[in-house]
Amino acid sequence: MSEIGVLFVCLGNICRSPTAEAVFRARAAASPLARRLRVDSAGTGHWHVGKPPDPRARDAALRRGYDLSSLRARQVTADDFRRFDYLWAMDQDNLAVLQRMAPVGYAARAGLLLDVLPGRAGDSVPDPYYGGEAGFEHVLDLLESASDALLERLAEAHG
Ligand code: 4NP
């Protein structure tokens, strides 16, 4: 049973990608793949390294039963391309950063998360940092749908 490494990547690693990590882990728990999955998140920026997720992201996630309290922000590294099979960027800017830092031969491991969601290819998970509470709910809606679609895709590829 080989491991399947999944890394979610946003800018700060305090809003979208830690939420994606917790949502995906929770929704994968009932999947036959669960025991093989290694799930983590990281940011392309360094500003929030070591910090817990944004309180607004934590509160919105907890209302849906996802606990982000143990997560701490870290910055993505080139070595993550060797450690994870899939690096899912929340938006095009972060995908571009990943593609620039990928070791030779590894760029194909990076993709845009919403490309897994039918009808949403090319779309971004919008950055909720400078907005209101509704933005965090929208992020959760997108990440719940994307997590389920990603699980289906992984089951097809690795099942
Ligand atoms: P995230 O949100 O990329 O979803 O974690 C952000 C967090 C912090 C900043 C921007 C976006 N910031 O500019 O500090």
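Just follow the structure's listing: the first ligand is 1, and inside any ligand the first atom is 1. Note that the numbering runs from 1 along the sequence shown for the chain. It should be emphasised that the depicted structure is a prediction, and the values quoted were computed from it without experimental measurement. Keep in mind that the numbers below use all heavy atoms, side chains included, and drop hydrogens, waters and symmetry copies.
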Do you see a donor-acceptor pair shorter than 3.5 Å between the side chains of T77 and D79? no
Atom 9 (C) of ligand 1 has as its nearest protein heavy atom Y129 CD2, 3.6 Å
Compute both the distance and the angle, then confirm whether R25 meets the cation-pi test with Y66: under 6.0 Å from the six-membered ring centre, within 45 degrees of the axis. no
For ligand 1, which atoms have a heavy atom of Y130 less than 4.0 angstrom away? 13 (O)
List ligand 1 atoms under 4.0 Å from D127, heavy atoms only on the residue side. 2 (O), 6 (C), 10 (C), 11 (C)
Show which atoms of ligand 1 fall inside a sub-4.0 Å distance from at least one heavy-atom site of C15. 1 (P), 2 (O), 4 (O), 5 (O)
Applying a heavy-atom cut-off of 4.0 Å, say which part of D54 lies close to ligand 1: side chain, backbone, both or neither. neither
So, does R38 use its side chain to make a donor-acceptor pair with the main chain of E3 at under 3.5 Å? no
Can you list the ligand 1 atoms lying under 4.0 Å from a non-hydrogen atom of R16? 1 (P), 3 (O), 4 (O), 5 (O)
Residue and atom name of the nearest protein heavy atom (relative to atom 1 (P) of ligand 1), distance in Å to one decimal: C10 SG, 3.5 Å
Would you indicate whether E133, at its atom CD, is surrounded by more than 12 heavy atoms from other residues, nucleotides or ligands within a distance under 6.0 Å? no
Does H48 reach ligand 1, in the sense of a heavy atom lying below 4.0 Å from it? yes
Of all heavy-atom pairs linking P53 and R58, the shortest is O-NH1, 3.0 Å
Cluster question for you: counting only ILVMFWY and a side-chain heavy-atom cut-off of under 4.5 Å, with indirect links fine, are L151 and V39 together? yes
Numbered atoms and elements of ligand 1 in range of I14, under 4.0 angstrom, heavy atoms: 5 (O), 7 (C), 8 (C)
Out of the candidates L98, L112, V116, L95, only one should pair with W88 under the side-chain contact (heavy atoms from CB on, under 4.5 Å) rule; please name it. V116
Please check whether P128 reaches ligand 1 - meaning an N/O of the residue sits under 3.5 Å from an N/O of the ligand, judged on distance alone. no
